[in-house]
Structure formats: C-alpha cells, structure tokens
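Beneath this line is the structure, given in structure tokens, with notes to follow.
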Amino acid sequence: QVQLVESGGGLVQAGGSLTLSCTASENIFRFNTMGWFRQAPGKQRELVARMTFGSGTNYADSYADSVKGRFTMSEDNAKNTVYLQMNNLKPEDTAVYYCHAASDLYYSNYVTQYEYHYWGQGTQVTVSS
C-alpha cells in the first residue's frame, strides 16, 4: 500500500514563502509522475505542479500558469521525497495542498492515463493579506 505523507503547510503573510514536503513509502522513481494539487473552499481541485519520471530521473516539470515563476517543484530520490517551494505567496494561493502520484501508464484514445493513483492526506496553506 503506497503512502504519501505531506508536511510543511501553515499560515503565512502575503509575499512570504513556504516549502511543502511529500514523502512516499516507496522509491519515487517507481511512479510515472508525481505532482501537487490544491483545492480551495468551493472550488475544484486543480493541478499546481507536476514532475514526470523516466529512466530513473525527472525529465519534465510543468506548472499551472497561476504559479509559474513563484513555485518550484523538486525531488530528492534518496529520501523518497518531493518538495514544493512556494515564494511570493498570494491570498489566492490559500487552499489544501495534496501530493499525488500515479503509476502504470497507458494510452487511451491517444490520451495518457494511469492505472493507479495515490493521494496524500493534504496540508493546509493559508495566506493572509
């Protein structure tokens, strides 16, 4: 049973920084992708940042337009951990942040799909104005 454990959330003033951590119970390179999603009250869960793994390395990063230039996702394979460094935080970044991992990639109608999805329990990030 794969487990993802997040930490690092909290309360910060606008313009401040936080770093979220997500530690997996297995080697992160066994996943095809890991990412961070967030969900604000009354809104749908949205993708914030994603890493794509292959051949034992991270070979692609992507970010939501709303966080580009402010958030950076990184990984430490030796610690089975991915991070989300969040700088210049804004009140609209307030949300519960979830770590996600997916494995067993396949294609359906030319769309990338994954057989298995794993989620962390979520960590609250609150940005005050």
Side-chain angles (χ1 to χ4, degrees):
Q1 180 77 8
V2 173
Q3 291 185 325
L4 303 176
V5 179
E6 301 117 331
S7 62
L11 173 65
V12 64
Q13 288 188 331
S17 299
L18 281 175
T19 300
L20 305 183
S21 301
C22 171
T23 299
S25 57
E26 302 183 18
N27 187 302
I28 60 173
F29 289 154
R30 60 93 76 196
F31 304 116
N32 295 114
T33 180
M34 291 190 73
W36 291 93
F37 287 72
R38 67 186 180 187
Q39 187 166 20
K43 294 188 177 181
Q44 289 189 330
R45 191 173 295 191
E46 62 173 356
L47 176 65
V48 175
R50 169 183 286 167
M51 280 185 161
T52 302
F53 300 139
S55 301
T57 189
N58 161 34
Y59 70 89
D61 299 347
S62 61
Y63 298 89
D65 288 343
S66 60
V67 306
K68 281 181 182 177
R70 301 188 298 122
F71 290 13
T72 303
M73 187 174 175
S74 61
E75 51 84 8
D76 186 338
N77 178 48
K79 295 182 179 180
N80 293 344
T81 300
V82 295
Y83 304 93
L84 185 67
Q85 173 68 43
M86 306 184 292
N87 297 327
N88 190 21
L89 282 160
K90 303 175 180 180
E92 51 264 44
D93 295 318
T94 296
V96 178
Y97 284 70
Y98 296 92
C99 181
H100 170 261
S103 65
D104 294 72
L105 180 153
Y106 66 97
Y107 297 98
S108 177
N109 295 324
Y110 306 103
V111 176
T112 301
Q113 304 280 3
Y114 302 97
E115 184 71 25
Y116 300 102
H117 293 265
Y118 309 97
W119 292 93
Q121 80 284 0
T123 185
Q124 177 70 45
V125 171
T126 303
V127 184
S128 63
S129 57

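Here the structure is a predicted model, which means the values were calculated and not measured. Along the sequence shown, residues carry numbers from 1.
- Hydrophobic cluster membership differs between Ile28 and Trp119, with clusters built from Ile, Leu, Val, Met, Phe, Trp and Tyr side chains linked at under 4.5 angstrom.
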Next item on the list: For Asp65 and Lys68, run salt bridge (charged side-chain N to carboxylate O under 4.0 Å, His left out): C-alpha distance rounded to whole Å, both residues' side-chain angles, the deciding distance at 0.1 Å, then the answer.
Entry: CA-CA 5 Å; Asp65 288 343; Lys68 281 181 182 177; 3.2 Å; yes

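- Using a 4.5 Å heavy-atom cutoff, the side chains of Thr19 and Leu84 are not in contact.
- Contact of the Thr33 side chain with the Phe53 side chain is not registered, since no non-hydrogen atoms from C-beta on lie closer than 4.5 Å.
- With hydrogens and angles ignored, the 3.5 Å screen pairs a side-chain donor or acceptor of Tyr63 with a backbone N or O of Met73.
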Item checked: Intermediate values then yes/no, side chain to side chain donor-acceptor pair (under 3.5 Å), Thr23 and Thr81 -> CA-CA 4 Å; Thr23 299; Thr81 300; 3.0 Å; yes

Next item on the list: Kindly indicate, with the supporting measurements, whether the criterion side chain to side chain contact (heavy atoms under 4.5 Å, CB included) is fulfilled by Trp36 and Cys99.
Entry: CA-CA 5 Å; Trp36 291 93; Cys99 181; 4.1 Å; yes

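- Residues Phe71 and Val82 fall within the same hydrophobic cluster, defined by Ile, Leu, Val, Met, Phe, Trp and Tyr side chains chained together at heavy-atom separations under 4.5 Å.
- Between Ala95 and Ala40, the closest heavy-atom pair is CB-N, 3.8 Å.
- The 12-atom threshold is exceeded at CD of Glu115, counting heavy atoms of other residues, nucleotides or ligands nearer than 6.0 Å.
- By the rule that hydrophobic residues join a cluster once side-chain heavy atoms approach within less than 4.5 Å of another member, Met86 and Val67 end up as members of one cluster.
- Within the 4.5 Å cutoff, the side chain of Phe31 has no heavy atoms near those of the Tyr114 side chain.
- Hydrophobic clustering (ILVMFWY, side-chain heavy atoms < 4.5 Å, transitive): Leu47 and Tyr116 are in distinct clusters.
- In terms of modelled atom types and a separation under 3.5 Å, the side chain of Asn32 and the main chain of Asp104 share a donor-acceptor contact.
- Looking at Leu4 and Met34, their side chains come closer than 4.5 Å, going by heavy atoms from C-beta outward.
- A continuous path of ILVMFWY side-chain contacts below 4.5 Å connects Leu20 to Tyr118, so both sit in one hydrophobic cluster.
- Between Asn88 and Ser17, the shortest heavy-atom distance links the atoms N-OG, 4.3 Å.
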Notebook entry, point to check: Stepwise, does the side chain to side chain contact (heavy atoms under 4.5 Å, CB included) test hold for Arg38 with Val125?
Noted result: CA-CA 9 Å; Arg38 67 186 180 187; Val125 171; over 6 Å; no

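- Put simply, the side chain of Gln85 does not reach to within 4.5 Å of the side chain of Ser74, judged on heavy atoms.
- Remark: side-chain polar atoms of Asn109 are not paired, donor with acceptor, to backbone N or O of Val111 under 3.5 angstrom.
- Other residues, nucleotides and ligands place more than 12 heavy atoms under 6.0 Å from the OH atom of Tyr106.
- Between Glu6 and Tyr97 the shortest side-chain heavy-atom distance does not fall below 4.5 Å.
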